[in-house]
> 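One structure coming up, written as structure tokens, with questions to follow.
Note: hydrogens, waters and symmetry copies are ignored here, and every other heavy atom, side chains too, is used. Lettering of chains follows the sequences in order, A, B, ..., and the numbering in each one begins at 1.
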Amino acid sequence: MSLATFLQHCLTGISLGGAYALIAIGYTMVYGILRLINFAHGDLFMIAGYLMIFTLADFPWYIAIPIVLIGTVVIGIVIERLAYKPLRSAPRMSIMISAIGVSLLLQNLATYLFTALPRGYPEIPYLKRIYQFGPLSASFVTFLTPILTMALVFLMVMMINKTKIGMAMRAVSKDYETAEIMGIKINSVVSFTFAIGSLLAGIGSILYFTDRMSVNPFSGSLPGLKCFVAAVLGGIGSIPGAMIGGFILGIGETFLVALGFSTFSDAFTFILLIVMLLVKPTGLFGEKATEKV
Amino acid sequence: MLKINHLKVSYGGIKALNDISFEVPAGKIVTLIGANGAGKSTTLRSIIGLVKADSGEILYNDTNIVGLPTNKIVGEGIALVPEGRRTFPDMTVLENLKIGAYLRTDKTQIQEDIDWIYSIFPRLKERHWQQAGTLSGGEQQMLAVGRALMSRPKLMMMDEPSLGLAPIVVQEIFSIIRKINNDGVTILLIEQNANMALRTADFGYVLSTGHITMYGTGKELLENEEIKAAYLGKKKKM
């Protein structure tokens, strides 16, 4: 493999990894606050894909993108309000089962409404334009994805560490009740978390599907699972961890395909998960399991 | 300032508070003493809105606050120092204080109050950059008190501030409680350390199994034979 091809695959891998990372952050943030693995997150990503198909049919891209992002955020918040909020004080398993239910509901609803046939994902010409950097050539979206991902991760980390709402999120993730007696409204913090997670899933969906050309009702489920693995790999609850996990998966998969093992590219993800859980269950940047109280 | 009338609270059919009434006059220190499971913590938790009352009234400055969400009650000027301190272990001391002022928006005033807290607890100033989880028990208790004060409460409720602390630290905590009270904050204190609590308090109520069984000034209760036998570990004279 020549250096140019190697770099080309690196770029593709990082780009795929960036899209994974954006979705993985949604898993990790919701887990941090609610200790819930939001299985519906991958399907929200699929719904965002369909939203884009329908809005871009009627609007230019610079209006369609905000509509899609806002729509995804609204759906994310509605899911939380209807399916998770009533179970706030229920055992954790119930809310997890509710999440699986929402996931199946979204998949089947999409099949019913849009049929199971894949629909072509519309092209945004600016994103598809090919650029050449020395020996590397790729579409604009391939260059944009990792940069945008890192910028968003930086913003997230700043928000969580420096702002008031970030402080409230950290407080709620540690101790509901004490956060409440500080005057923090738990429900607003949870809604805010879902809003951010959904926004990132919406952005991730635009970047991911632009490179993949089609959406079907199940195109959220495998990427969703992979991004969950990315979140576990990086240490669930950690945002930079989710990003690193996403990059590892993206690069790993791309190279397996490049080396001719494309049949194993999905298996790679899950083998990595098993190995990680056996060796370091808290992930690369996970919280320590026990804390002095 | 605070008036509780016929408050009843139950957890899934088990009565935790069975018709209790008491009063916390403005500017005073009032203590509730009683054994484990008497309903002391439940009383505080229902005042701050973490637990729903079945019936009865909690009048704060003559308005009933039963049913208000916790953030409204905190906004009205009631703060709780929870049992076991519950500081946020991976936030710094300074962040813990800042989160206490979560509902406030007056930035310069908040900074002044942080300085005021540092003057009460110089140890917190020395350690303002440390994670709260690395503090000793006594320091964490001071931080929990400081954090509650950051909301500028008119009424501060404290749940077992002496729990698990060395006697000398307990002394320090109680002298600070008096100091805070002198600064104009009304205090409702829950204690198992009845001796310290009654010495500090202006009024005391004895709670047992969901009822108020006795009340009086701190001094009266300290000298009461039954209380001596039950809570202060002194023998009844026959």
> Which bit of Ala101(B) is near chain A, if near means a heavy-atom gap under 4.5 Å: side chain, backbone, both or neither?
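The backbone, not the side chain.
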> Could you go through residues 75-86 of chain A and list every donor-acceptor pair under 3.5 Å that involves a side-chain atom there, pairing it with any protein atom two or more places apart or in another chain?
| unit_1 | atom_1 | unit_2 | atom_2 | d |
| --- | --- | --- | --- | --- |
| Glu80(A) | OE2 | Arg88(A) | NH1 | 2.9 |
| Arg81(A) | NH2 | Ser191(A) | OG | 2.8 |
| Tyr84(A) | OH | Asn38(A) | OD1 | 2.6 |

> Check whether any side-chain heavy atom of Glu95(B) sits under 4.5 Å from a side-chain heavy atom of Arg170(A), and report yes or no.
yes
> Answer yes or no: are there more than 12 heavy-atom neighbours, outside Arg92(A) itself, under 6.0 Å from its atom CZ?
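For Arg92(A), atom CZ is not crowded (no more than 12 foreign heavy atoms under 6.0 Å).
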> How about NZ on Lys15(B), more than 12 heavy atoms from neighbouring residues, nucleotides or ligands closer than 6.0 Å, or not?
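Counting neighbours around NZ of Lys15(B), 12 or fewer heavy atoms of other residues, nucleotides or ligands fall under 6.0 Å, so no.
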> When only heavy atoms count and the cut-off is under 4.5 Å, which of residues 178-186 of chain A reach chain B?
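Result: Thr178(A), Ala179(A), Glu180(A), Ile181(A), Met182(A), Gly183(A), Ile184(A), Lys185(A).
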> Using a cut-off of under 4.5 Å on heavy-atom pairs, state which of Thr87(B), Ile99(B), Ile73(B) scores highest against chain A.
Ile99(B)
> Taking atom CZ of Phe270(A) as the centre, does the number of heavy atoms from other residues, nucleotides or ligands within less than 6.0 Å exceed 12?
yes
> Could you tell me whether Ile168(B) atom CD1 has more than 12 heavy atoms of other residues or ligands within 6.0 Å of it?
no
> Pick one of side chain, backbone, both or neither for Tyr102(B), based on which atoms fall under 4.5 Å of a heavy atom in chain A.
both
> Restricting to ring-ring contact (aromatic ring centres under 6.0 Å, His included), what partner residues turn up for Tyr208(A), sequence neighbours left out?
Phe45(A)
> Which atoms of Lys98(B) come close to chain A, meaning under 4.5 Å heavy atom to heavy atom: side chain ones, backbone ones, both, or neither?
both
> In residues 34-70 of chain B, which residues are in contact with chain A at a heavy-atom separation under 4.5 Å?
Arg45(B), Ile48(B), Leu50(B), Thr70(B)
